[in-house]
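When a ligand or atom number is given, it counts from 1 through the structure's own listing order. Given the structure is predicted, the values throughout are model-derived calculations rather than measurements.
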Amino acid sequence: MVSPKLNRFTSPAHAAKVLQDGQVVAFPTETVYGLGADARSDKAVARIYEAKDRPSFNPLIIHVADVAMAETLADFTPAARGLTPLWPGPLSMVLPLRSDAGLSTLALAGQPSVAIRIPAHPMAQALLQAFGGPLAAPSANPSGRISPTTADHVEHLSGRIAGVLDGGPATVGLESTILDLRDRPRLLRAGGVALEDIETLVGPIDISTDAAPIAPGMLASHYAPQGAVRLNATSAGPGETLLGFGDIAGDLTLSATGDLTEAAANLFARLHELDTLGVAQIAVAPIPNHGLGRAINDRLRRAAAPRS
Ligand code: TXA
Ligand code: MG
């Protein structure tokens, strides 16, 4: 990697001051790096959309330090209560917005609901505590591209944001699971918490809307590397670079031992590597569709989808 041009904050407290000033800061979470700003300020949130080149109709996930802060923003349904043991962690709950939440309507894209998440990463926790309020934060990638799992992946934002807090590589490596819990629980995006673990706590989840383009970021082509992607490949075709899993070794691998948690953590970093290598044709080994494999396959399908 080239020597960093993007400012690296030395402490969460320093980054929190910059956020209080209405600036945008990239910060680590256990899923992916986020692009944070004060969720109560339309002006600060506008700077996120600016930095990200994101269509402004996308609502943003609101990050808070604890359940007490979450309760000031949304009405908790029984299913949401049942899932709070998964917080802090890679789960976002879509809930009815409280009228006195005080959130930027731009952050919510004018919707009467709010997606809330309590990240587990110690540096994200320290930042939220020091900031003392909610942070709106999408993943810190340009719209439609691979999500960042290291501080280096955020370098492209140099000159567009105030800086990044470096918390090392993201351990989960996939975005949070998003559930709509306003009514009958529905899966909006497969992610860092396996569906099985959610159903253990609250029973069956409606998965029919998973992969339907309700939430942007659920658009068909998304998380795409530069190269073309072919799925379920057992070997590389001519001119292809094979991304392996388990027994299918590949030129590089998501997990040599066939471990889905490790594969999730490696997914975006490997796609970034393939971009850096300038690979034009990527073949990917089959990934079992259970546990975190569901979210991995979801991201891979989007990476392989026709580009507009
Ligand atoms: O792991 C994550 O969730 C990361 C880290 C930074 O927390 N964030 C993330 O944010 O992936 P983003 O903006 O890239 O994806 C958020 C998704 C979008 O698809 C958005 O449309 C959806 O959440 N979303 C946000 N608020 C929503 C709402 N009120 N109703 C339905 N979908 C919502
Ligand atoms: Mg994203």
Taking the minimum heavy-atom distance to atom 12 (P) of ligand 1, which of Ser139, Gly191, Gly192 ranks first?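 It is Ser139 whose heavy atom sits nearest to atom 12 (P) of ligand 1.
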If you measure from atom 30 (N) of ligand 1 to every heavy atom of Val94, Leu60, Ile62, which option wins on shortest distance? Val94
Proximal ligand 1 atoms for Ala115, defined as those under 4.0 Å from one of its heavy atoms: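 Going through ligand 1 atom by atom, the ones under 4.0 Å from Ala115 are 25 (C), 26 (N), 27 (C), 29 (N).
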Of all the atoms in ligand 1, which lie at a distance below 4.0 Å from a heavy atom belonging to Pro138?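 Matching atoms, with element in brackets: 10 (O), 12 (P), 13 (O).
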Donor-acceptor pair, Arg98 side chain versus Glu71 backbone, under 3.5 Å?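 Yes: the side chain of Arg98 pairs with the backbone of Glu71.
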Between Thr241 and Asp251, do the side chains contain an N or O donor and an N or O acceptor separated by less than 3.5 Å?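 Side-chain D/A pair, Thr241 to Asp251: absent.
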Tell me, please, if Ser147 has any N/O/S atom, main chain or side chain, under 2.8 Å from the Mg ion (ligand 2)?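 No N, O or S atom of Ser147 is closer than 2.8 Å to the Mg ion (ligand 2), so no.
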Can an N or O of [X] be found at a distance shorter than 3.5 Å from an N or O of ligand 1?
{"X": "Thr31", "result": "yes"}
{"X": "Lys52", "result": "no"}
{"X": "Arg117", "result": "yes"}
{"X": "His63", "result": "yes"}

If you group Ile, Leu, Val, Met, Phe, Trp and Tyr by side-chain heavy-atom gaps below 4.5 Å, do Val32 and Phe27 land in one group?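 Each belongs to a different hydrophobic cluster.
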Measure the acute angle between the ring planes of His272 and His153, then classify it against the limits of 30° and 60° as parallel, tilted or perpendicular. parallel
To the nearest 0.5 Å, what is the distance between CD1 (Ile207) and CG (Leu179)? 12.0 Å
Checking His156 now: which residues fulfil side-chain contact (heavy atoms from CB on, under 4.5 Å) with it, not counting sequence neighbours?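 Pro142.
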Output all residues satisfying side-chain contact (heavy atoms from CB on, under 4.5 Å) with Ala295, sequence neighbours left out; order by chain, then residue number.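 Partners of Ala295 under the side-chain contact (heavy atoms from CB on, under 4.5 Å) test: Leu174, Ala190, Arg299.
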contact_flag Ser113 ligand 1 heavy-atom lt 4.0 Å: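 Yes, that is the case, since the closest heavy atom of the residue is under 4.0 Å from the ligand.
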Does ligand 1 have an atom that lies less than 4.0 angstrom from a heavy atom of Val32? yes
Part of Leu108 within contact of ligand 1 (heavy atoms, under 4.0 Å):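 Leu108 to ligand 1: no contact under 4.0 Å from either part.
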Would you please test Glu155 and Arg8 for salt bridge (Lys or Arg N to Asp or Glu O under 4.0 Å) and show each step? CA-CA 10 Å; Glu155 273 300 316; Arg8 310 261 165 148; 3.0 Å; yes
